[in-house]
Amino acid sequence: MRISRRVALALPAAFLAFTLGAANAQGMKVKIGTEGAYPPFNNLTSDGKLEGFDIDIARALCEEMKAECEFVTQDWDGIIPALQAGKFDAIIASMSINEDRKKEVDFTDKYYNTPPAIVVPKDSDIKGVTKEDLAGKTIGAQGSTTHSTYAEKTFTDSDVKLYPTSEEYKLDIINGRLDAVIDDVVVLDEFLKTDDGACCKIAGTLTPIEEIYGPGIGIAVRKGDNDLREKLNAAIKAIRENGKYKEINEKHFSFDVYGD
Amino acid sequence: MERVFTLLSFGPEGWGDNIAAGVVITVSLALATLPVGLALGFLVALGKRSPDRFLRLAANIYTTIFRGLPELLTLFLVFYGAQIGLQKLIHFFDPAASIEINAFVAGMVALGAVFSSYASEVFLAAFRAIPSGQYEGGYAVGLSSSQTMRLVIAPQLLRLALPGLSNLWLILIKDTALVSVIGIADVLRQSQVAARVTKEAFLFFGLACLIYLALAMLSSIAIAAIERRAERAGAVR
Amino acid sequence: MTAAPGSLTPAERPPVQKAPWTHQRTLGVVLLCIWAALALAVAAFMVESWNPTLFERYAPRYMSGLWITIQLVVLSVIFGALLSIPIAYGRMSENRFLSALAYAYVYFFRGTPLLAQTFLIYYGLGSFRPELQAIGLWSFFRDAWNCALFAFTLNTAAYQAEILRGAIGSVGRGQWEAASALGIPKLLAIRKIIIPQAMIVALRPYGNEVILMIKGSAIVAIITVFDLMGETRRAYSQTFDFQTYIWAALIYLALVELLRNLIDLIEKRITRHLKR
């Protein structure tokens, strides 16, 4: 008798605690999805830790929002479905704000904006970065990115190959399977600085097309998750103003990545 | 050569610890899938040999689907599709709720579905090899049908199905490699990450292949031991 | 001619007994209802998200992807069959070195995942570019499609060698002896006596192997080949529409079912002499 009464009392209590916890978690805990294969923005170290500009920005934003953040790594081509499926609440993984994606997710304001570029082997005969220059060549890009969309739309006379992460196309330009690769200029620049990147050079930067690239890189949240979106926007604004952004920018790059 | 040892070491510079963690994931995924697949496969086999037409049809639809779809696609369908479906279902009742299928569970379900549809065929073949006299004998000594199944049929069935099932186990170990695509940090994914970062693709993918080979060898040894035991048990009547 | 009325009225047929409604039937109906509900849900989802412009844009791509898948499977199965002959020969050889070599080959390719093998060949061999260039093989391995074909051929050859070995082993020794007693040359005996009998045993495993290759080929999407799965993933990444995957599932299912029925048909034909 006594036991069952205790259970009867404990049950609603546990339920209450659960709902309270849930209500608390709303403002306090944010799961952040990132890719972990896009240096220098987000990548894994050899002991399996995340590092990079995106990661530092995410940490600063969480600190600003007084939120407890947890990172979840997810392959790029499944990152939007995973957000929609609730595996995490926000994507901070250098995702461009563009119209196609806006049909699926909501974006915060941009937190950086850098142009795309093309890298070719040092001994390449590719002179420029126009459609004609690259006609008949094999171009590598990471799949499901704005860069791959750009390449498929612009370089219609070239063979565009899509890779799951930026690291795979790097392997293939090093070993000569690719004549050129397209990606963010910062990512490519970082690659050229490594030992493996000695193979290659930048052939030129491209003027981003607004329609494909949008206003820059933002944080994606689930459609209608305005609460989180506004908090993130406020936090971006705050770290821009309080110098935290500048500090992170200087830690990673020698120039301003925010753009104008 | 020294570089190879550094890369494979367990320290912060090396990838040995990551890959060892991957082995744990691969093995636990396969081990977690096995009971699910066996139980489901047995039930589906029972359904397939049911005297009832509808039940047979339902069981056959199951195996047709999971034996016809590429395992990779099954994995995507479970990982994204089931998630989207469940989410819609739950939102129907409570718009605020959310549900999460974790990648490990998704892998378990997808691999379990594939395993069970093949296992059902193995069980079915084993059922066919048991003469009806065994059932009749069971009923004749007054056992109920569930007792007959448990005490008379199941032990013989397991022995008959063992070679087929051990083959499926080896296939299961290899199929776990596919979960690397949905982001589970198994052996192959850890090697892939290591290959990406270090650009030593041959070393790490070769290592991954050797690990799978070692797992297969260990399994073969274990299976041989189990088969010996089963045979011994079978000899004593 | 109808039977004369009145003569020998056959005994009244017993009334057809209605099958009793069993638990199994209940379960069967419930499960079928679940399947039907799932099918309806998928159909409803497809209708709801039906988009003619999308279909127009991606249907030809899916077809080209399907064609790549079929090419890849057919070619690798054929090359694998050719390669499997020497391997099966090695497996059955009395020469210990040869048989150990063949055994190691088969063990390696059957013991490791196809995905890992494909990665090893595509990315792994990529790191040996200078060496491969020196022997003139790089132009072959430069292409992802060739790498996939190469990996699949090596893989299926191992499986096919075992099927071949099992099938040839299943033909009784007496068949060989009878052929040589009749003075039939060995090659002719293989072609006319052994192979037709071995085929009966081997057909189903071969069929299953082809089906496994069709399903296994989906992984080439990961090494940049646009097969059916590759096109599906590309379509999905451009539209974020889940029906892209459902289309792929339907195509794969249809392909595999078609093949399975074809195998049943062939089996019926080659075993017609066994039917009574």
Side-chain angles (χ1 to χ4, degrees), chain B residues 46-47 50-59 61-62 64-65 67-74 76-77 80-81 84-85 88-89 114 170-171 173-178 180-181 187-188 191-192 195-196 199-217 219-220, chain C residues 19 22-35 38-39 41-42 45 107-108 110-128 208 211-212 214-219 221-222 228-229 232-233 236 242 245-246 248-249 252-257 259-260:
Chain B
L46 283 184
S50 156
D52 187 80
R53 201 152 37 96
F54 291 141
L55 194 54
R56 280 203 307 271
L57 182 60
I61 292 177
Y62 180 84
T64 304
I65 291 178
R67 296 196 330 164
L69 287 180
E71 288 79 358
L72 190 61
L73 194 55
T74 309
F76 281 138
L77 288 178
Y80 298 125
I84 294 171
K88 276 194 178 159
L89 197 71
V114 176
L170 294 176
I171 293 175
I173 293 183
K174 290 187 284 170
D175 277 352
T176 58
L178 293 174
S180 62
V181 181
V187 173
L188 192 60
S191 333
Q192 213 176 342
R196 282 169 187 168
K199 308 279 182 286
E200 291 280 354
F202 191 81
L203 174 67
F204 284 106
F205 288 130
L207 179 68
C209 281
L210 289 181
I211 290 174
Y212 281 106
L213 219 50
L215 289 179
M217 279 178 195
S219 308
S220 302
Chain C
T22 57
H23 287 307
Q24 296 199 350
R25 166 137 309 186
T26 317
L27 185 63
V29 170
V30 168
L31 288 176
L32 279 183
C33 284
I34 294 178
W35 281 128
L38 272 177
V42 169
F45 174 70
Y107 201 92
F108 179 80
R110 300 209 316 166
T112 55
L114 181 56
L115 184 58
Q117 292 162 16
T118 310
F119 278 154
L120 187 66
I121 287 171
Y122 185 72
Y123 290 115
L125 287 187
S127 19
F128 294 106
N208 286 340
I211 290 176
L212 284 181
I214 291 178
K215 300 199 300 169
S217 70
I219 61 163
I222 304 171
L228 182 52
M229 191 71 178
T232 305
R233 293 183 77 169
Y236 182 66
F242 199 69
Y245 276 120
I246 295 183
Y252 274 114
L253 271 184
L255 194 62
V256 169
E257 276 306 288
L259 201 66
R260 232 164 45 116

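The figures here come from the full heavy-atom set of this structure, side chains too, leaving out hydrogens, waters and symmetry mates. Labels below follow one simple rule: chain letters A, B, ... track the order of the sequence lines, proteins then strands, and each chain is numbered from 1.
For the atom pair CD1 (B:I65) and CG (C:L38), the distance works out to 8.0 Å, reported to the nearest 0.5 Å. Rounded to the nearest 0.5 Å, atoms OG1 (C:T232) and CZ (B:F76) are 10.0 Å apart. One finds the OH atom of C:Y252 at 8.5 Å from the CG atom of B:L72 (value rounded to the nearest 0.5 Å). Going from atom CZ of B:R67 over to atom CG of C:N208 covers 7.0 Å, rounded to the nearest 0.5 Å. Taken to the nearest 0.5 Å, the CE atom of C:M229 stands 4.5 Å off from the CG atom of B:L73. Between the CD atom in B:E71 and the CD1 atom in C:I219 there is a gap of 10.0 Å [rounded to 0.5 Å].
The shortest side-chain heavy-atom distance between C:Y107 and B:M217 falls under the 4.5 Å cut-off. You'll find the side chain of C:F119 reaches within 4.5 Å of the side chain of B:L188, heavy atoms only. At least one side-chain heavy atom of C:F242 sits under 4.5 Å from a side-chain heavy atom of B:L77.
Under the ring pair (Phe, Tyr, Trp, His ring centres under 6.0 Å) criterion, C:F45 pairs with no residue, sequence neighbours left out. With sequence neighbours left out, the side chain to side chain donor-acceptor pair (under 3.5 Å) criterion links C:S127 to no other residue. Taking the side chain to side chain donor-acceptor pair (under 3.5 Å) definition, one finds that B:S180 meets it with nothing, sequence neighbours left out.
Within the 4.5 angstrom heavy-atom criterion, no atom of B:E200 approaches chain C. With a 4.5 angstrom heavy-atom cutoff, C:E257 touches chain B only via side-chain atoms. Only the side chain of C:L212 comes within contact range of chain B, with at least one heavy atom under 4.5 Å from a heavy atom of that chain. Only the side chain of B:V181 comes within less than 4.5 Å of a heavy atom of chain C; its backbone N, CA, C and O stay farther away. If you measure heavy-atom distances from B:F204 to chain C, you find no contacts under 4.5 Å at all. Proximity to chain C (any heavy atom under 4.5 Å) is restricted, for B:S220, to the side chain, taken from C-beta onward.
Contact count versus chain B (heavy atoms, under 4.5 Å) is highest, among C:V256, C:L120, C:I34, for C:L120. Top candidate by heavy-atom pairs under 4.5 Å with chain C, chosen from B:A59, B:S191, B:A201, B:G68, is B:G68. Among C:L253, C:L114, C:L31, the residue with the largest count of heavy-atom pairs under 4.5 Å with chain B is C:L253.
In this structure a side-chain-to-backbone donor-acceptor pair under 3.5 Å is missing from B:K174 to C:L115.
Aromatic ring orientation, C:Y245 versus B:Y80: parallel (interplanar angle below 30°, classes split at 30° and 60°).
Residues of residues 208-215 of chain B placed with any heavy atom under 4.5 Å of a heavy atom in chain C are listed by number as B:C209, B:Y212, B:L213.
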